[in-house]
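Report on one structure; see the data block that follows.
Computed from a predicted model, the values in this text were never measured in an experiment.
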Protein chains: 2
Amino acid sequence: MDFSQGVPEPTLRRLPTYCHFLRRLAQDGADVVSCRQIGDALHLDPTQIRKDLAYAGMAGRPKVGYPVPELLAGVENFLGWNNTQQAILVGAGSLGTALLGYKAMDRNGVRIVAAFDTSPDKTFQAIHQVKVLPMRKLVDLVGRMQIHVGILTVPAESAQTVCDLMVQAGIRAIWNFAPVALKVPDTVIVQNENLFSSLAVLSSRLQSTFQPRTLPEEDPS
Amino acid sequence: MDFSQGVPEPTLRRLPTYCHFLRRLAQDGADVVSCRQIGDALHLDPTQIRKDLAYAGMAGRPKVGYPVPELLAGVENFLGWNNTQQAILVGAGSLGTALLGYKAMDRNGVRIVAAFDTSPDKTFQAIHQVKVLPMRKLVDLVGRMQIHVGILTVPAESAQTVCDLMVQAGIRAIWNFAPVALKVPDTVIVQNENLFSSLAVLSSRLQSTFQPRTLPEEDPS
DNA sequence: TTTTTCTCGATAAAAATTTCTCGATTGGCA
DNA sequence: TGCCAATCGAGAAATTTTTATCGAGAAAAA
Ligand SMILES: NC(=O)c1ccc[n+]([C@@H]2O[C@H](COP(=O)([O-])OP(=O)(O)OC[C@H]3O[C@@H](n4cnc5c(N)ncnc54)[C@H](O)[C@@H]3O)[C@@H](O)[C@H]2O)c1
Ligand SMILES: NC(=O)c1ccc[n+]([C@@H]2O[C@H](COP(=O)([O-])OP(=O)(O)OC[C@H]3O[C@@H](n4cnc5c(N)ncnc54)[C@H](O)[C@@H]3O)[C@@H](O)[C@H]2O)c1
């Protein structure tokens, strides 16, 4: 398999889905699983799954499939989900609160160890067992705890400012929920999460079921 | 331009970003904008932007660029964001509450007109001015108000049940936040929103900055 | 007016990704 | 044991998406 370019992003995006499915399978006590089974459950092409798993370094056996526990462990390991990254979250608003309360995060590679906010109403409280601190504590805490991941859930207009602060503090990867393109040094990774992108795909598809964009060819009947 | 296959999904996912940028530009009173400017601001290739805009049916003028108001209106119109879809949300928990409070939704093609939940603690209250109703009211309301879009924010184990109910009620498109592959008839559109996909891309990238997956060639020094 | 420069539109090339095909391996079963 | 069916792995082909190139139009400058 060709690793010179790293793993294709689409593959990377599918792997967590496999993980989730495999976990349920493991709970149900399944020993082995074939790509076909996974494909049926997840509505994906078996060949593609096989290729994705190969990227993650997993091999199966003909006629049998993949051993579920090994496969799960292998994929989780590949994604770096067994040594959880510690993260901070900035912006303990609606979305921030939801993320703080999202228990599944722990099992998926990230643990939020502290939140930050400007609002005095929020600071020095705990939201879902995570302390909310004032912004001035950010740089020190990030440096002291060697935190690499920052989650950005402040309004769009504050995003760049907060981003700069994160970078200054030593954050290496930013998960950005604000709908802006952050400016960062080359050494910092930004992953944008844009809800409206998905929504656009949905509305566009929906719209085209009402009034298809393509005029149909003459019916050959 | 070739519309026989519909618009490419990557294009569709980029369009909302352009919209957001254009809105700010329009607020600032800009008359025209070139692909180059957009590309600089959004860190994208100008050629790609031009192609995306062409898919949306927008044309510019050489040397000048695109007129901002027309471009914005055109893209919004293309995405169906000017005749807002009404939607219901099921699962008024952490995430559901955040979405109900997300004001920007209105400007991006979807208005949540009602929420539903099984928990008696939640029902008959209003969250962010949206009423939360018990599940038994769902089918009637969806039918009566001719609602086509459903937002699914219940725990994974309830997702399929709720999905079936939505389909039965006449929902045509489901925006699914639960990490499961829903089973629906062909006529129903499902758009999955999987946070952990993005997170996987982020952690994988971060991991490879620490220990690149590719063994480096012999150092030529 | 003429020249220069910028930007679009269309087409072509390149790259990435998905899908297909085929042979090989394995386990089950007569 | 020997055959059959299921499944994997690898490479080829097809498709999709991104990037590059070129000519032309339009404004600004000379
Ligand atoms: N609510 C959603 O469902 C949702 C979904 C997707 C994306 N988003 C995006 O997430 C961001 C936050 O949305 P929200 O709905 O949670 O908003 P919100 O207003 O509820 O929360 C924002 C929080 O950030 C804090 N804040 C503001 N400026 C700050 C600063 N300079 N430094 C630190 N903290 C600051 C505020 O005190 C507030 O607590 C927005 O950019 C929004 O576009 C929200
Ligand atoms: N919290 C997050 O940040 C987050 C992020 C991404 C995805 N998700 C996903 O969104 C879903 C909800 O997450 P959450 O954190 O909001 O959970 P939550 O427990 O806070 O909320 C779930 C809500 O759904 C309601 N509910 C449960 N079963 C129901 C049913 N059968 N019919 C109607 N309502 C029902 C509950 O009463 C509760 O109000 C989960 O599938 C989760 O994986 C959550």
Side-chain angles (χ1 to χ4, degrees), chain A residues 1-15 17-18 22 25 30-68 70-71 74-75 197 200-201 204-205 213-214, chain B residues 1-15 17-18 21-22 25 30-68 70-71 74-75 78 197 200-201 204-205 213-214:
Chain A
M1 189 102 312
D2 172 32
F3 290 107
S4 59
Q5 293 288 140
V7 180
E9 180 164 326
T11 294
L12 229 34
R13 298 188 71 90
R14 281 186 296 265
L15 287 173
T17 319
Y18 304 157
L22 290 171
L25 224 52
D31 282 341
V32 289
V33 65
S34 70
C35 289
R36 175 79 169 290
Q37 284 173 276
I38 304 179
D40 285 350
L42 268 37
H43 313 124
L44 291 170
D45 186 76
T47 316
Q48 186 171 66
I49 294 170
R50 205 173 294 137
K51 196 151 271 195
D52 288 344
L53 295 179
Y55 270 116
M58 307 310 298
R61 281 196 313 166
K63 179 75 180 184
V64 181
Y66 300 78
V68 175
E70 276 94 334
L71 185 57
V75 176
S197 289
V201 177
S204 164
R205 293 239 174 91
R213 248 186 260 292
T214 47
Chain B
M1 186 104 312
D2 170 32
F3 289 109
S4 59
Q5 292 289 139
V7 180
E9 177 161 329
T11 293
L12 229 34
R13 298 189 70 90
R14 282 187 295 265
L15 286 174
T17 318
Y18 304 157
F21 176 69
L22 290 170
L25 225 52
D31 282 342
V32 289
V33 64
S34 72
C35 288
R36 175 95 155 278
Q37 285 174 276
I38 303 180
D40 285 350
L42 269 36
H43 313 125
L44 290 170
D45 187 75
T47 317
Q48 187 171 67
I49 294 170
R50 206 172 292 138
K51 190 153 273 191
D52 289 343
L53 296 179
Y55 269 116
M58 305 310 298
R61 280 197 312 166
K63 178 73 181 181
V64 181
Y66 300 80
V68 174
E70 275 94 334
L71 186 57
V75 176
F78 177 79
S197 289
V201 178
S204 164
R205 294 236 175 95
R213 248 187 258 293
T214 46

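- Inter-axis angle, ends of the helix from dT1(C)-dA30(D) to dA30(C)-dT1(D), five pairs per end, rounded to 10 degrees: 0°.
- In this structure, CG of Leu44(B) is placed 13 Å from C1' of dT19(D), rounded to the nearest angstrom.
- Distance CG (Leu53(A)) to C1' (dA10(D)): 15 Å, rounded to an integer number of Å.
- Atoms NZ (Lys51(A)) and P (dA10(D)) sit 10 Å apart, rounded to a whole Å.
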Per-nucleotide protein contact string for nucleotides 21-30 of chain C (B base, S sugar-phosphate only, - none; heavy atom under 4.0 Å): ----BBB---
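- Going from atom CZ of Arg36(A) over to atom C1' of dG9(D) covers 18 Å, rounded to whole Å.
- When the side-chain nitrogen and oxygen atoms of Gln48(A) are compared with OP1 and OP2 of dT19(C), one or more of them lie within a distance under 4.0 Å.
- Atom CZ of residue Arg50(B) and atom CE of residue Met58(B) lie 15.0 Å apart, to the nearest 0.5 angstrom.
- Counting to the nearest Å, the P atom of dT7(D) and the CG atom of Leu71(A) are 15 Å from each other.
- When every heavy atom of Val32(B) is checked against every heavy atom of Gln37(B), the shortest pair comes out as O-OE1, 4.3 Å.
- A search for side-chain hydrogen bond (donor to acceptor under 3.5 Å, both in side chains) contacts involving Tyr66(B) returns nothing, not counting sequence neighbours.
- In this structure, Tyr66(B) reaches the dG9(C) phosphate: one of its side-chain N or O atoms is under 4.0 Å from OP1 or OP2.
- Remark: Arg13(A) CZ is packed, more than 12 non-hydrogen atoms of other residues, nucleotides or ligands lying under 6.0 Å away.
- Residue-level contact check: Arg14(B) touches the backbone only, with heavy atoms under 4.0 Å from sugar-phosphate atoms and none from bases.
- Put simply, CD on Glu9(A) is 13 Å from P on dA16(C), counting in whole angstrom units.
- At least one side-chain heavy atom of Leu42(B) sits under 4.5 Å from a side-chain heavy atom of Tyr18(B).
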Audit row: Ile38(B), Leu44(B), side chain to side chain contact (heavy atoms under 4.5 Å, CB included) steps and yes/no: CA-CA 8 Å; Ile38(B) 303 180; Leu44(B) 290 170; over 6 Å; no
Residue pair Tyr55(A), Leu15(A): steps toward the side chain to side chain contact (heavy atoms under 4.5 Å, CB included) verdict: CA-CA 10 Å; Tyr55(A) 270 116; Leu15(A) 287 173; over 6 Å; no
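- Summarising the geometry, the separation between CG on Asp45(B) and C1' on dT21(D) is reported as 13 Å, rounded to the nearest angstrom.
- Using a 4.5 Å cut-off on side-chain heavy atoms (C-beta onward), Phe78(B) and Leu12(B) make contact.
- The distance from atom CG of Leu12(A) to atom P of dA16(C) is 15 Å, rounded to the nearest whole Å.
- With hydrogens and angles ignored, the 3.5 Å screen pairs no side-chain donor or acceptor of Ser204(A) with any backbone N or O of Val201(A).
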